[in-house]
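This report concerns only the one structure given below.
Counting starts at 1 for both ligands and their atoms, following the listed order.
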Amino acid sequence: MNPNPQIIILDAGGQYCHLEARKVRDLGVYAEVRASETPAEELSGARGLIISGGPSSVYDSGSPTVDPAIFSSGQAVLGICYGQQVMAHLLGGEVRRGEKGEYGMATLELDETNDPMFAGLSGRQQIWMSHRDLVGRVPEGFSVAGHTDTCAVAAIADRARRLYGVQFHPEVVHTARGLEYLANFVLKVCGCVPDWDPRHRVPLIEQEIRDCVGGRKVFFFVSGGVDSSVAFALATRALGEDRVRGVYVDTGLMRDGETDFVRRVRGLAVERAENEFLSVLAGVTDPEKKRHIIGEEFVLVQERVIEREGLMGHDWMLGQGTIYPDTIESGGTAKAALIKTHHNRVAGIQKLIASGRIVEPLRSFYKDEVRAVGRELGLPAELLNRHPFPGPGLAIRCLCSPNDAEVVASAEGHIIPVRSVGVQGDSRSYAPVLAIDALDTRRATDLTNRLTNVNRVIAPVEMRAPWSGMRVRACSLTADRLAKLRQADAVARCLSHESGYDAKVWQFPVILIPLGTAEAPDSVVLRPVDSVDGMTAQSVLMDGALLQAMCRRILEIEGVAGVFYDLTHKPPGTIEWE
Ligand code: XMP
(Lines give C-alpha, C1' and ligand atoms only; values in the text may rest on other atoms or scores of the structure.)
Protein backbone atom coordinates (compact mmCIF):
# COMPACT_ATOMS: atom_id res chain seq x y z
CA MET A 1 0.00 0.00 0.00
CA ASN A 2 1.18 3.49 -0.79
CA PRO A 3 1.01 6.09 1.95
CA ASN A 4 -1.92 8.51 1.81
CA PRO A 5 -0.83 11.45 -0.32
CA GLN A 6 0.25 14.39 1.82
CA ILE A 7 0.04 16.65 -1.22
CA ILE A 8 -2.65 16.40 -3.90
CA ILE A 9 -2.19 18.11 -7.25
CA LEU A 10 -5.48 19.27 -8.74
CA ASP A 11 -5.07 18.86 -12.49
CA ALA A 12 -6.45 21.88 -14.30
CA GLY A 13 -5.43 20.47 -17.69
CA GLY A 14 -1.82 21.56 -17.77
CA GLN A 15 0.93 19.45 -19.18
CA TYR A 16 2.92 20.24 -16.05
CA CYS A 17 0.70 18.64 -13.39
CA HIS A 18 2.67 15.38 -13.43
CA LEU A 19 5.90 17.33 -13.27
CA GLU A 20 4.62 19.08 -10.14
CA ALA A 21 3.73 15.75 -8.51
CA ARG A 22 7.11 14.32 -9.46
CA LYS A 23 8.96 17.28 -7.99
CA VAL A 24 7.05 16.96 -4.72
CA ARG A 25 7.91 13.27 -4.62
CA ASP A 26 11.53 14.19 -5.28
CA LEU A 27 11.33 16.08 -1.98
CA GLY A 28 10.50 12.73 -0.38
CA VAL A 29 6.81 13.49 0.07
CA TYR A 30 4.18 11.27 -1.53
CA ALA A 31 1.91 13.20 -3.92
CA GLU A 32 -0.89 12.15 -6.23
CA VAL A 33 -2.82 13.84 -9.03
CA ARG A 34 -6.62 14.23 -8.98
CA ALA A 35 -9.15 15.90 -11.26
CA SER A 36 -9.38 19.61 -10.42
CA GLU A 37 -13.07 19.43 -9.53
CA THR A 38 -12.69 16.66 -6.93
CA PRO A 39 -14.98 17.56 -3.95
CA ALA A 40 -13.17 19.10 -0.98
CA GLU A 41 -14.22 16.31 1.38
CA GLU A 42 -12.37 13.76 -0.78
CA LEU A 43 -9.20 15.82 -0.42
CA SER A 44 -9.36 16.35 3.31
CA GLY A 45 -6.69 13.75 4.13
CA ALA A 46 -3.95 15.77 2.42
CA ARG A 47 -1.89 18.39 4.22
CA GLY A 48 -1.71 20.63 1.18
CA LEU A 49 -3.20 21.10 -2.29
CA ILE A 50 -1.58 22.43 -5.45
CA ILE A 51 -3.81 23.70 -8.25
CA SER A 52 -1.89 23.12 -11.49
CA GLY A 53 -1.49 25.36 -14.49
CA GLY A 54 -3.64 24.84 -17.56
CA PRO A 55 -4.31 26.29 -21.01
CA SER A 56 -7.80 27.70 -20.30
CA SER A 57 -9.02 31.12 -19.27
CA VAL A 58 -11.11 31.25 -16.08
CA TYR A 59 -13.81 33.11 -18.04
CA ASP A 60 -14.15 30.42 -20.75
CA SER A 61 -17.29 28.39 -20.35
CA GLY A 62 -16.45 24.90 -19.13
CA SER A 63 -12.94 25.86 -18.04
CA PRO A 64 -11.54 23.74 -15.19
CA THR A 65 -12.38 24.91 -11.72
CA VAL A 66 -11.99 23.66 -8.13
CA ASP A 67 -14.41 23.11 -5.27
CA PRO A 68 -14.35 26.55 -3.52
CA ALA A 69 -14.66 24.73 -0.18
CA ILE A 70 -10.95 23.85 -0.41
CA PHE A 71 -10.13 27.46 0.46
CA SER A 72 -11.91 27.25 3.80
CA SER A 73 -10.89 23.69 4.69
CA GLY A 74 -7.87 24.88 6.67
CA GLN A 75 -5.52 23.10 4.26
CA ALA A 76 -2.70 25.07 2.65
CA VAL A 77 -3.26 25.72 -1.08
CA LEU A 78 -0.78 26.80 -3.75
CA GLY A 79 -2.11 27.88 -7.15
CA ILE A 80 0.37 27.72 -10.02
CA CYS A 81 -0.21 29.86 -13.15
CA TYR A 82 -3.84 29.09 -14.11
CA GLY A 83 -4.16 27.75 -10.55
CA GLN A 84 -3.35 31.20 -9.17
CA GLN A 85 -5.95 32.73 -11.48
CA VAL A 86 -8.68 30.25 -10.45
CA MET A 87 -7.91 30.95 -6.81
CA ALA A 88 -8.07 34.72 -7.30
CA HIS A 89 -11.22 34.46 -9.39
CA LEU A 90 -13.11 32.25 -6.91
CA LEU A 91 -12.12 34.35 -3.92
CA GLY A 92 -13.39 37.63 -5.36
CA GLY A 93 -10.29 38.99 -7.09
CA GLU A 94 -10.12 39.97 -10.74
CA VAL A 95 -8.49 38.09 -13.63
CA ARG A 96 -8.08 39.77 -16.99
CA ARG A 97 -6.46 39.34 -20.36
CA GLY A 98 -2.92 40.77 -20.41
CA GLU A 99 -1.96 43.32 -23.05
CA LYS A 100 0.64 40.88 -24.25
CA GLY A 101 1.46 37.30 -23.39
CA GLU A 102 4.54 36.31 -21.43
CA TYR A 103 6.09 33.07 -22.62
CA GLY A 104 9.51 31.80 -21.62
CA MET A 105 12.14 33.33 -19.38
CA ALA A 106 11.31 36.38 -17.27
CA THR A 107 12.79 38.11 -14.26
CA LEU A 108 10.87 38.05 -11.01
CA GLU A 109 11.31 40.68 -8.35
CA LEU A 110 10.24 39.03 -5.09
CA ASP A 111 9.57 41.36 -2.17
CA GLU A 112 11.29 40.86 1.14
CA THR A 113 8.81 38.97 3.27
CA ASN A 114 8.92 36.84 6.37
CA ASP A 115 6.27 34.49 5.03
CA PRO A 116 7.55 30.86 5.18
CA MET A 117 6.37 30.34 1.61
CA PHE A 118 8.98 32.79 0.35
CA ALA A 119 11.66 32.24 3.00
CA GLY A 120 15.15 32.87 1.68
CA LEU A 121 13.90 33.70 -1.81
CA SER A 122 13.64 37.50 -1.99
CA GLY A 123 15.29 39.53 -4.76
CA ARG A 124 15.62 39.25 -8.54
CA GLN A 125 15.60 35.82 -10.10
CA GLN A 126 14.99 33.96 -13.34
CA ILE A 127 11.56 32.38 -13.70
CA TRP A 128 9.65 30.68 -16.50
CA MET A 129 6.27 32.05 -17.52
CA SER A 130 3.61 30.84 -19.91
CA HIS A 131 0.48 32.98 -19.73
CA ARG A 132 -1.67 35.64 -21.32
CA ASP A 133 -4.31 36.12 -18.61
CA LEU A 134 -3.19 37.60 -15.32
CA VAL A 135 -4.51 38.56 -11.91
CA GLY A 136 -5.57 42.24 -12.10
CA ARG A 137 -6.72 42.63 -8.50
CA VAL A 138 -5.97 40.27 -5.61
CA PRO A 139 -8.81 39.00 -3.39
CA GLU A 140 -9.33 40.41 0.07
CA GLY A 141 -6.81 39.16 2.59
CA PHE A 142 -4.09 38.67 -0.04
CA SER A 143 -0.98 40.73 -0.67
CA VAL A 144 1.25 40.84 -3.73
CA ALA A 145 4.61 39.26 -3.03
CA GLY A 146 6.33 39.59 -6.41
CA HIS A 147 6.12 41.07 -9.91
CA THR A 148 7.82 41.11 -13.33
CA ASP A 149 8.02 43.94 -15.87
CA THR A 150 4.95 42.57 -17.67
CA CYS A 151 3.04 41.05 -14.78
CA ALA A 152 2.28 43.16 -11.71
CA VAL A 153 0.95 40.17 -9.76
CA ALA A 154 3.45 37.33 -10.12
CA ALA A 155 3.14 35.95 -6.57
CA ILE A 156 0.38 36.36 -3.98
CA ALA A 157 -0.03 35.35 -0.36
CA ASP A 158 -2.68 35.20 2.34
CA ARG A 159 -0.56 34.01 5.19
CA ALA A 160 -3.38 33.76 7.73
CA ARG A 161 -5.32 31.30 5.57
CA ARG A 162 -2.16 29.69 4.10
CA LEU A 163 -3.32 30.40 0.53
CA TYR A 164 -0.64 31.19 -2.05
CA GLY A 165 -0.36 31.74 -5.78
CA VAL A 166 2.48 32.09 -8.29
CA GLN A 167 2.02 33.10 -11.90
CA PHE A 168 5.27 31.38 -12.93
CA HIS A 169 6.07 27.66 -13.05
CA PRO A 170 8.27 26.63 -10.11
CA GLU A 171 8.29 23.01 -11.36
CA VAL A 172 10.27 23.63 -14.56
CA VAL A 173 14.05 23.70 -14.60
CA HIS A 174 14.12 27.16 -16.21
CA THR A 175 12.78 28.64 -12.96
CA ALA A 176 16.17 28.91 -11.27
CA ARG A 177 14.97 28.50 -7.68
CA GLY A 178 11.74 26.65 -8.47
CA LEU A 179 12.43 23.68 -6.23
CA GLU A 180 12.95 25.98 -3.25
CA TYR A 181 9.44 27.40 -3.74
CA LEU A 182 7.99 23.90 -3.81
CA ALA A 183 10.08 22.84 -0.82
CA ASN A 184 8.96 25.91 1.16
CA PHE A 185 5.34 25.16 0.41
CA VAL A 186 5.49 21.40 1.04
CA LEU A 187 7.79 21.33 4.05
CA LYS A 188 7.47 24.74 5.74
CA VAL A 189 3.89 25.81 4.95
CA CYS A 190 2.19 22.39 4.88
CA GLY A 191 4.52 20.78 7.41
CA CYS A 192 4.79 17.53 5.42
CA VAL A 193 7.09 14.86 6.75
CA PRO A 194 9.17 12.90 4.24
CA ASP A 195 7.56 9.49 3.72
CA TRP A 196 8.52 8.48 0.19
CA ASP A 197 11.51 6.81 -1.36
CA PRO A 198 10.70 4.51 -4.29
CA ARG A 199 13.77 2.37 -3.57
CA HIS A 200 12.46 1.43 -0.15
CA ARG A 201 9.22 0.24 -1.63
CA VAL A 202 10.59 -2.85 -3.32
CA PRO A 203 9.64 -5.29 -0.51
CA LEU A 204 6.19 -3.69 -0.25
CA ILE A 205 5.58 -3.97 -3.98
CA GLU A 206 6.64 -7.59 -3.88
CA GLN A 207 4.22 -8.27 -1.04
CA GLU A 208 1.45 -6.54 -2.99
CA ILE A 209 2.17 -8.75 -6.00
CA ARG A 210 2.00 -11.87 -3.83
CA ASP A 211 -1.27 -10.74 -2.23
CA CYS A 212 -2.83 -9.94 -5.58
CA VAL A 213 -1.69 -13.06 -7.41
CA GLY A 214 -2.33 -15.57 -4.62
CA GLY A 215 -1.61 -19.08 -5.89
CA ARG A 216 -1.84 -18.13 -9.56
CA LYS A 217 0.84 -17.45 -12.21
CA VAL A 218 1.53 -14.29 -14.21
CA PHE A 219 2.42 -13.70 -17.85
CA PHE A 220 3.77 -10.52 -19.42
CA PHE A 221 4.17 -9.36 -22.99
CA VAL A 222 7.46 -7.57 -22.47
CA SER A 223 8.58 -4.94 -24.95
CA GLY A 224 12.22 -4.59 -23.98
CA GLY A 225 11.48 -1.10 -22.60
CA VAL A 226 12.09 0.03 -19.03
CA ASP A 227 8.59 -0.23 -17.54
CA SER A 228 7.63 -3.71 -18.63
CA SER A 229 11.12 -5.02 -17.83
CA VAL A 230 11.07 -3.65 -14.27
CA ALA A 231 7.52 -4.93 -13.69
CA PHE A 232 8.57 -8.35 -14.98
CA ALA A 233 11.66 -8.38 -12.72
CA LEU A 234 9.56 -7.45 -9.66
CA ALA A 235 7.06 -10.21 -10.37
CA THR A 236 9.85 -12.73 -10.85
CA ARG A 237 11.38 -11.77 -7.51
CA ALA A 238 8.04 -11.83 -5.75
CA LEU A 239 6.77 -15.13 -7.14
CA GLY A 240 9.81 -17.04 -8.36
CA GLU A 241 10.77 -17.81 -11.94
CA ASP A 242 8.44 -20.79 -12.29
CA ARG A 243 5.34 -18.68 -11.77
CA VAL A 244 6.16 -15.84 -14.18
CA ARG A 245 6.38 -16.00 -17.94
CA GLY A 246 7.59 -13.19 -20.20
CA VAL A 247 7.11 -13.22 -23.96
CA TYR A 248 8.70 -10.77 -26.38
CA VAL A 249 7.25 -10.51 -29.88
CA ASP A 250 9.87 -9.97 -32.57
CA THR A 251 7.95 -8.00 -35.19
CA GLY A 252 10.99 -7.55 -37.43
CA LEU A 253 10.41 -3.82 -36.92
CA MET A 254 12.92 -3.54 -34.11
CA ARG A 255 16.31 -1.90 -34.01
CA ASP A 256 19.58 -3.61 -34.72
CA GLY A 257 20.45 -6.20 -32.08
CA GLU A 258 17.22 -5.68 -30.11
CA THR A 259 16.09 -9.29 -30.01
CA ASP A 260 19.54 -10.43 -28.88
CA PHE A 261 19.53 -7.70 -26.23
CA VAL A 262 16.18 -8.84 -24.90
CA ARG A 263 17.33 -12.46 -24.81
CA ARG A 264 20.63 -11.61 -23.17
CA VAL A 265 19.55 -9.01 -20.64
CA ARG A 266 16.09 -10.26 -19.76
CA GLY A 267 16.18 -13.93 -20.61
CA LEU A 268 12.72 -13.80 -22.24
CA ALA A 269 11.04 -16.20 -24.62
CA VAL A 270 10.96 -14.71 -28.13
CA GLU A 271 7.93 -15.16 -30.37
CA ARG A 272 9.17 -14.68 -33.93
CA ALA A 273 6.76 -12.93 -36.28
CA GLU A 274 9.00 -10.93 -38.65
CA ASN A 275 7.66 -12.49 -41.85
CA GLU A 276 4.04 -12.05 -40.86
CA PHE A 277 4.48 -8.34 -40.15
CA LEU A 278 6.41 -7.72 -43.37
CA SER A 279 3.85 -9.54 -45.49
CA VAL A 280 0.81 -7.69 -44.09
CA LEU A 281 2.61 -4.37 -44.56
CA ALA A 282 3.70 -5.08 -48.16
CA GLY A 283 2.64 -2.31 -50.53
CA VAL A 284 1.03 -0.18 -47.79
CA THR A 285 2.06 3.49 -47.84
CA ASP A 286 -0.57 5.31 -45.79
CA PRO A 287 0.89 6.09 -42.32
CA GLU A 288 -2.31 5.59 -40.34
CA LYS A 289 -3.02 2.36 -42.21
CA LYS A 290 0.46 1.12 -41.33
CA ARG A 291 -0.14 1.78 -37.64
CA HIS A 292 -3.53 0.10 -37.77
CA ILE A 293 -2.22 -3.01 -39.54
CA ILE A 294 0.62 -3.34 -37.03
CA GLY A 295 -1.82 -3.05 -34.11
CA GLU A 296 -4.07 -5.73 -35.62
CA GLU A 297 -1.17 -8.07 -36.33
CA PHE A 298 0.09 -7.64 -32.79
CA VAL A 299 -3.29 -8.75 -31.53
CA LEU A 300 -3.20 -11.87 -33.71
CA VAL A 301 0.26 -12.84 -32.50
CA GLN A 302 -0.67 -12.27 -28.87
CA GLU A 303 -3.81 -14.35 -29.32
CA ARG A 304 -1.75 -17.13 -30.82
CA VAL A 305 0.61 -17.12 -27.83
CA ILE A 306 -2.22 -16.99 -25.28
CA GLU A 307 -4.00 -19.90 -26.97
CA ARG A 308 -0.92 -22.05 -27.44
CA GLU A 309 0.32 -21.57 -23.88
CA GLY A 310 -3.13 -21.92 -22.29
CA LEU A 311 -2.78 -18.51 -20.61
CA MET A 312 -6.52 -17.88 -20.40
CA GLY A 313 -6.84 -20.62 -17.80
CA HIS A 314 -7.95 -19.51 -14.34
CA ASP A 315 -4.54 -20.11 -12.88
CA TRP A 316 -3.07 -17.24 -14.99
CA MET A 317 -3.07 -13.45 -14.57
CA LEU A 318 -1.80 -10.76 -16.89
CA GLY A 319 1.11 -8.59 -15.73
CA GLN A 320 1.63 -5.12 -17.20
CA GLY A 321 4.18 -2.32 -16.91
CA THR A 322 1.57 0.46 -16.64
CA ILE A 323 3.01 3.53 -14.90
CA TYR A 324 1.29 6.41 -13.09
CA PRO A 325 0.84 8.90 -15.96
CA ASP A 326 -0.83 6.12 -18.02
CA THR A 327 -3.53 5.67 -15.41
CA ILE A 328 -4.85 9.22 -15.33
CA GLU A 329 -6.88 10.46 -18.24
CA SER A 330 -7.07 14.22 -18.20
CA GLY A 331 -5.99 17.18 -20.32
CA GLY A 332 -2.32 16.60 -20.83
CA THR A 333 -2.19 12.88 -20.18
CA ALA A 334 -4.97 11.42 -22.32
CA LYS A 335 -2.55 10.70 -25.13
CA ALA A 336 -0.24 8.58 -23.04
CA ALA A 337 -3.22 6.46 -22.13
CA LEU A 338 -4.21 6.16 -25.78
CA ILE A 339 -0.73 5.14 -26.86
CA LYS A 340 -0.65 2.29 -24.42
CA THR A 341 -4.11 0.98 -25.11
CA HIS A 342 -3.54 -0.27 -28.59
CA HIS A 343 -1.27 -3.07 -27.46
CA ASN A 344 -3.73 -4.12 -24.81
CA ARG A 345 -6.72 -4.59 -27.05
CA VAL A 346 -6.58 -8.38 -27.47
CA ALA A 347 -10.01 -9.77 -26.64
CA GLY A 348 -8.50 -12.22 -24.16
CA ILE A 349 -6.58 -9.43 -22.47
CA GLN A 350 -9.72 -7.28 -22.26
CA LYS A 351 -11.44 -10.22 -20.58
CA LEU A 352 -8.64 -10.57 -18.05
CA ILE A 353 -8.79 -6.86 -17.29
CA ALA A 354 -12.59 -6.92 -16.95
CA SER A 355 -12.39 -9.80 -14.49
CA GLY A 356 -9.65 -8.09 -12.49
CA ARG A 357 -7.03 -10.70 -13.42
CA ILE A 358 -4.37 -8.09 -13.99
CA VAL A 359 -1.40 -7.06 -11.91
CA GLU A 360 0.29 -3.69 -12.48
CA PRO A 361 3.00 -3.31 -9.84
CA LEU A 362 4.21 0.10 -11.10
CA ARG A 363 0.90 1.88 -11.46
CA SER A 364 1.69 4.55 -8.88
CA PHE A 365 5.25 5.29 -10.08
CA TYR A 366 6.77 7.85 -12.38
CA LYS A 367 9.39 6.85 -14.94
CA ASP A 368 12.32 8.15 -12.87
CA GLU A 369 10.98 6.21 -9.89
CA VAL A 370 10.68 3.07 -12.02
CA ARG A 371 14.35 3.54 -12.90
CA ALA A 372 15.20 3.93 -9.18
CA VAL A 373 13.31 0.71 -8.41
CA GLY A 374 15.12 -1.00 -11.31
CA ARG A 375 18.49 0.11 -9.92
CA GLU A 376 17.49 -1.20 -6.52
CA LEU A 377 16.73 -4.55 -8.16
CA GLY A 378 20.19 -4.51 -9.72
CA LEU A 379 18.99 -4.31 -13.32
CA PRO A 380 21.71 -3.14 -15.72
CA ALA A 381 22.06 0.58 -16.54
CA GLU A 382 21.99 -0.18 -20.27
CA LEU A 383 18.42 -1.35 -19.76
CA LEU A 384 17.27 1.31 -17.29
CA ASN A 385 18.65 4.27 -19.23
CA ARG A 386 17.14 3.30 -22.56
CA HIS A 387 15.32 5.95 -24.53
CA PRO A 388 11.61 5.33 -25.15
CA PHE A 389 10.95 3.38 -28.35
CA PRO A 390 7.50 3.22 -29.97
CA GLY A 391 5.57 -0.07 -30.10
CA PRO A 392 5.16 -0.02 -33.92
CA GLY A 393 8.93 0.29 -34.10
CA LEU A 394 10.90 1.27 -37.17
CA ALA A 395 7.77 1.01 -39.32
CA ILE A 396 6.70 4.52 -38.27
CA ARG A 397 10.22 5.82 -38.90
CA CYS A 398 10.40 4.43 -42.44
CA LEU A 399 8.31 6.78 -44.58
CA CYS A 400 6.67 5.48 -47.75
CA SER A 401 5.17 7.17 -50.79
CA PRO A 402 2.34 6.02 -53.09
CA ASN A 403 3.90 7.81 -56.10
CA ASP A 404 6.94 9.61 -57.51
CA ALA A 405 6.86 13.33 -56.77
CA GLU A 406 9.05 16.35 -57.43
CA VAL A 407 10.65 18.53 -54.79
CA VAL A 408 9.29 22.08 -55.17
CA ALA A 409 11.48 25.15 -54.63
CA SER A 410 9.74 27.83 -52.54
CA ALA A 411 10.64 31.27 -51.19
CA GLU A 412 11.72 29.66 -47.88
CA GLY A 413 13.52 26.55 -49.17
CA HIS A 414 12.43 23.25 -50.71
CA ILE A 415 9.13 21.51 -50.10
CA ILE A 416 9.61 17.74 -49.87
CA PRO A 417 6.37 15.95 -50.81
CA VAL A 418 6.35 13.27 -48.11
CA ARG A 419 3.61 13.14 -45.48
CA SER A 420 4.82 13.69 -41.95
CA VAL A 421 2.60 13.95 -38.91
CA GLY A 422 2.29 16.96 -36.64
CA VAL A 423 0.02 18.09 -33.83
CA GLN A 424 -2.28 21.03 -34.29
CA GLY A 425 -4.46 21.50 -31.25
CA ASP A 426 -5.45 18.02 -30.16
CA SER A 427 -5.50 16.38 -33.58
CA ARG A 428 -2.80 14.77 -35.66
CA SER A 429 -2.43 16.15 -39.18
CA TYR A 430 -0.20 15.15 -42.10
CA ALA A 431 1.68 17.71 -44.18
CA PRO A 432 4.76 17.97 -46.42
CA VAL A 433 8.16 18.91 -45.00
CA LEU A 434 10.10 22.11 -45.64
CA ALA A 435 13.89 21.95 -46.03
CA ILE A 436 15.78 25.18 -45.31
CA ASP A 437 19.45 25.69 -46.01
CA ALA A 438 20.84 26.15 -42.49
CA LEU A 439 20.67 24.39 -39.11
CA ASP A 440 18.73 27.28 -37.63
CA THR A 441 16.14 26.23 -35.01
CA ARG A 442 14.92 29.77 -34.49
CA ARG A 443 14.16 30.26 -38.16
CA ALA A 444 12.49 26.85 -38.28
CA THR A 445 10.21 27.85 -35.37
CA ASP A 446 9.38 31.12 -37.05
CA LEU A 447 8.48 29.30 -40.27
CA THR A 448 6.26 26.67 -38.65
CA ASN A 449 4.47 29.46 -36.79
CA ARG A 450 3.94 31.38 -40.02
CA LEU A 451 3.32 28.75 -42.72
CA THR A 452 0.16 26.69 -42.67
CA ASN A 453 1.12 24.14 -45.33
CA VAL A 454 4.05 22.52 -43.46
CA ASN A 455 4.37 21.21 -39.90
CA ARG A 456 8.02 20.28 -39.95
CA VAL A 457 11.26 21.97 -40.97
CA ILE A 458 14.54 20.17 -41.67
CA ALA A 459 17.95 21.21 -43.00
CA PRO A 460 20.56 19.20 -44.90
CA VAL A 461 23.71 18.23 -43.04
CA GLU A 462 25.06 16.89 -46.33
CA MET A 463 23.57 15.87 -49.68
CA ARG A 464 25.34 13.70 -52.25
CA ALA A 465 23.39 15.33 -55.11
CA PRO A 466 22.09 18.88 -55.70
CA TRP A 467 18.41 19.61 -55.12
CA SER A 468 17.80 19.40 -58.88
CA GLY A 469 18.78 15.70 -58.77
CA MET A 470 16.63 14.79 -55.74
CA ARG A 471 13.04 13.57 -55.87
CA VAL A 472 10.61 11.47 -53.88
CA ARG A 473 10.10 7.95 -55.23
CA ALA A 474 7.16 5.56 -54.89
CA CYS A 475 8.01 2.92 -52.28
CA SER A 476 6.61 0.98 -49.34
CA LEU A 477 8.04 -0.88 -46.38
CA THR A 478 10.48 -3.51 -47.62
CA ALA A 479 13.09 -5.63 -45.89
CA ASP A 480 15.78 -3.69 -47.77
CA ARG A 481 14.58 -0.28 -46.66
CA LEU A 482 14.16 -1.47 -43.08
CA ALA A 483 17.71 -2.84 -43.17
CA LYS A 484 18.98 0.53 -44.42
CA LEU A 485 17.17 2.38 -41.65
CA ARG A 486 18.40 -0.15 -39.09
CA GLN A 487 21.98 0.49 -40.19
CA ALA A 488 21.62 4.28 -40.02
CA ASP A 489 19.96 4.01 -36.60
CA ALA A 490 22.76 1.73 -35.37
CA VAL A 491 25.40 4.27 -36.47
CA ALA A 492 23.59 7.14 -34.72
CA ARG A 493 23.08 5.07 -31.58
CA CYS A 494 26.62 3.82 -31.43
CA LEU A 495 28.20 7.28 -31.90
CA SER A 496 25.83 9.00 -29.52
CA HIS A 497 26.48 6.34 -26.92
CA GLU A 498 30.27 6.54 -27.29
CA SER A 499 30.22 10.33 -27.02
CA GLY A 500 27.77 10.41 -24.10
CA TYR A 501 25.28 12.33 -26.25
CA ASP A 502 22.53 9.78 -25.65
CA ALA A 503 22.48 10.73 -21.96
CA LYS A 504 21.91 14.39 -22.89
CA VAL A 505 18.82 13.88 -25.05
CA TRP A 506 15.47 12.43 -24.13
CA GLN A 507 15.00 10.50 -27.35
CA PHE A 508 16.79 10.28 -30.68
CA PRO A 509 14.68 8.88 -33.53
CA VAL A 510 16.37 8.27 -36.89
CA ILE A 511 14.02 8.37 -39.88
CA LEU A 512 14.29 7.13 -43.46
CA ILE A 513 12.52 9.19 -46.13
CA PRO A 514 12.15 8.23 -49.80
CA LEU A 515 14.04 11.30 -51.03
CA GLY A 516 17.08 10.77 -53.25
CA THR A 517 18.43 9.88 -56.66
CA ALA A 518 17.94 6.80 -58.85
CA GLU A 519 21.06 5.15 -57.39
CA ALA A 520 20.53 6.30 -53.82
CA PRO A 521 16.76 6.61 -53.38
CA ASP A 522 16.54 7.38 -49.63
CA SER A 523 17.72 9.99 -47.15
CA VAL A 524 18.14 9.86 -43.39
CA VAL A 525 16.78 12.40 -40.91
CA LEU A 526 18.24 12.80 -37.41
CA ARG A 527 15.71 13.86 -34.76
CA PRO A 528 17.28 14.25 -31.31
CA VAL A 529 14.86 15.90 -28.88
CA ASP A 530 14.78 17.15 -25.35
CA SER A 531 11.55 16.54 -23.44
CA VAL A 532 10.04 15.95 -20.03
CA ASP A 533 7.41 13.37 -20.86
CA GLY A 534 7.11 13.29 -24.64
CA MET A 535 4.03 15.53 -24.60
CA THR A 536 6.07 18.52 -25.73
CA ALA A 537 9.63 18.45 -27.04
CA GLN A 538 12.41 20.72 -28.22
CA SER A 539 14.64 20.04 -31.18
CA VAL A 540 18.23 20.21 -29.93
CA LEU A 541 21.34 20.75 -32.01
CA MET A 542 24.33 18.51 -31.46
CA ASP A 543 28.01 19.22 -31.40
CA GLY A 544 29.37 19.86 -34.91
CA ALA A 545 32.16 17.26 -34.79
CA LEU A 546 29.79 14.52 -33.64
CA LEU A 547 27.27 15.47 -36.30
CA GLN A 548 29.90 15.38 -39.05
CA ALA A 549 31.16 11.97 -37.91
CA MET A 550 27.62 10.60 -37.80
CA CYS A 551 26.79 12.05 -41.19
CA ARG A 552 29.96 10.65 -42.79
CA ARG A 553 29.24 7.12 -41.55
CA ILE A 554 25.57 7.24 -42.53
CA LEU A 555 26.45 8.38 -46.04
CA GLU A 556 28.65 5.28 -46.37
CA ILE A 557 25.48 3.14 -46.22
CA GLU A 558 24.51 2.00 -49.70
CA GLY A 559 21.52 3.82 -51.16
CA VAL A 560 21.58 6.88 -48.88
CA ALA A 561 21.59 10.21 -50.74
CA GLY A 562 21.59 12.68 -47.88
CA VAL A 563 21.52 13.29 -44.14
CA PHE A 564 19.10 15.89 -42.74
CA TYR A 565 18.42 17.34 -39.30
CA ASP A 566 14.92 17.89 -37.93
CA LEU A 567 14.66 21.41 -36.46
CA THR A 568 11.01 21.24 -35.38
CA HIS A 569 9.79 21.57 -31.83
CA LYS A 570 6.67 19.72 -30.64
CA PRO A 571 4.19 21.24 -31.17
CA PRO A 572 3.79 21.57 -34.10
CA GLY A 573 5.90 18.55 -35.17
CA THR A 574 5.46 15.30 -33.23
CA ILE A 575 8.58 13.46 -32.10
CA GLU A 576 7.93 10.57 -34.48
CA TRP A 577 7.31 11.25 -38.16
CA GLU A 578 4.17 9.13 -38.49
P1 XMP B 1 4.87 11.72 -30.68
O2 XMP B 1 5.38 11.20 -31.99
O3 XMP B 1 3.39 11.63 -30.55
O4 XMP B 1 5.48 10.74 -29.58
O5 XMP B 1 5.40 13.07 -30.37
C6 XMP B 1 5.48 10.97 -28.20
C7 XMP B 1 6.14 9.78 -27.53
O8 XMP B 1 5.34 8.61 -27.73
C9 XMP B 1 6.07 7.62 -28.41
N10 XMP B 1 5.15 6.96 -29.34
C11 XMP B 1 4.67 5.73 -29.17
N12 XMP B 1 4.90 4.80 -28.20
N13 XMP B 1 3.43 3.31 -29.31
C14 XMP B 1 4.29 3.59 -28.30
O15 XMP B 1 4.53 2.72 -27.45
C16 XMP B 1 3.14 4.19 -30.30
O17 XMP B 1 2.37 3.93 -31.21
C18 XMP B 1 3.80 5.46 -30.22
N19 XMP B 1 3.78 6.57 -31.02
C20 XMP B 1 4.60 7.48 -30.44
C21 XMP B 1 7.18 8.35 -29.12
O22 XMP B 1 8.30 7.50 -29.41
C23 XMP B 1 7.50 9.44 -28.13
O24 XMP B 1 8.33 8.95 -27.10
Discussion item. Heavy-atom pairs closer than 4.0 Å: do any link ligand 1 to the side chain of P509, the backbone, both, or neither?
Written reply: neither
Fill in: Flag for Y324-E32: side-chain donor and acceptor within less than 3.5 Å
no
Worksheet item: Is there at least one pair of N or O atoms, one from I575 and one from ligand 1, spaced under 3.5 Å apart?
Response: yes
Worksheet item: For residues S36 and D11, is any side-chain donor paired with an opposing acceptor at under 3.5 Å?
Response: no
Worksheet entry | Where ligand 1 meets P392 - atom numbers and elements under 4.0 angstrom, heavy-atom basis | 13 (N), 16 (C), 17 (O)
Item to complete: Would you tell me whether T478 and D480 have side-chain atoms, one donor and one acceptor, within less than 3.5 Å of each other?
Response: no
Worksheet item: With backbone taken as N, CA, C and O and side chain as the heavy atoms from C-beta onward, which portion of W506 lies under 4.0 Å from ligand 1: side chain, backbone, both, or neither?
Response: side chain
Worksheet entry | Identity of the nearest option to atom 20 (C) of ligand 1, non-hydrogen atoms only, from H387, R397, Q507, E576 | E576
Discussion item. Looking at ligand 1, is there an atom of it that comes within less than 4.0 Å of some heavy atom belonging to R291?
Written reply: yes
Discussion item. Hydrogens and angles aside, do T574 and R456 bring a side-chain donor and acceptor to less than 3.5 Å of each other?
Written reply: yes
Discussion item. Please verify the inter-ring angle class for H18 with Y366; under 30° counts as parallel, over 60° as perpendicular, anything in between as tilted.
Written reply: perpendicular
Worksheet item: Which of the numbered atoms in ligand 1 are below 4.0 angstrom from a heavy atom of K570?
Response: 1 (P), 3 (O), 5 (O), 6 (C)
Worksheet entry | Distance-only side-chain donor-acceptor flag, H387 / Q507, under 3.5 Å | no
Worksheet item: Are any of the N or O atoms of G391 closer than 3.5 Å to those of ligand 1?
Response: yes
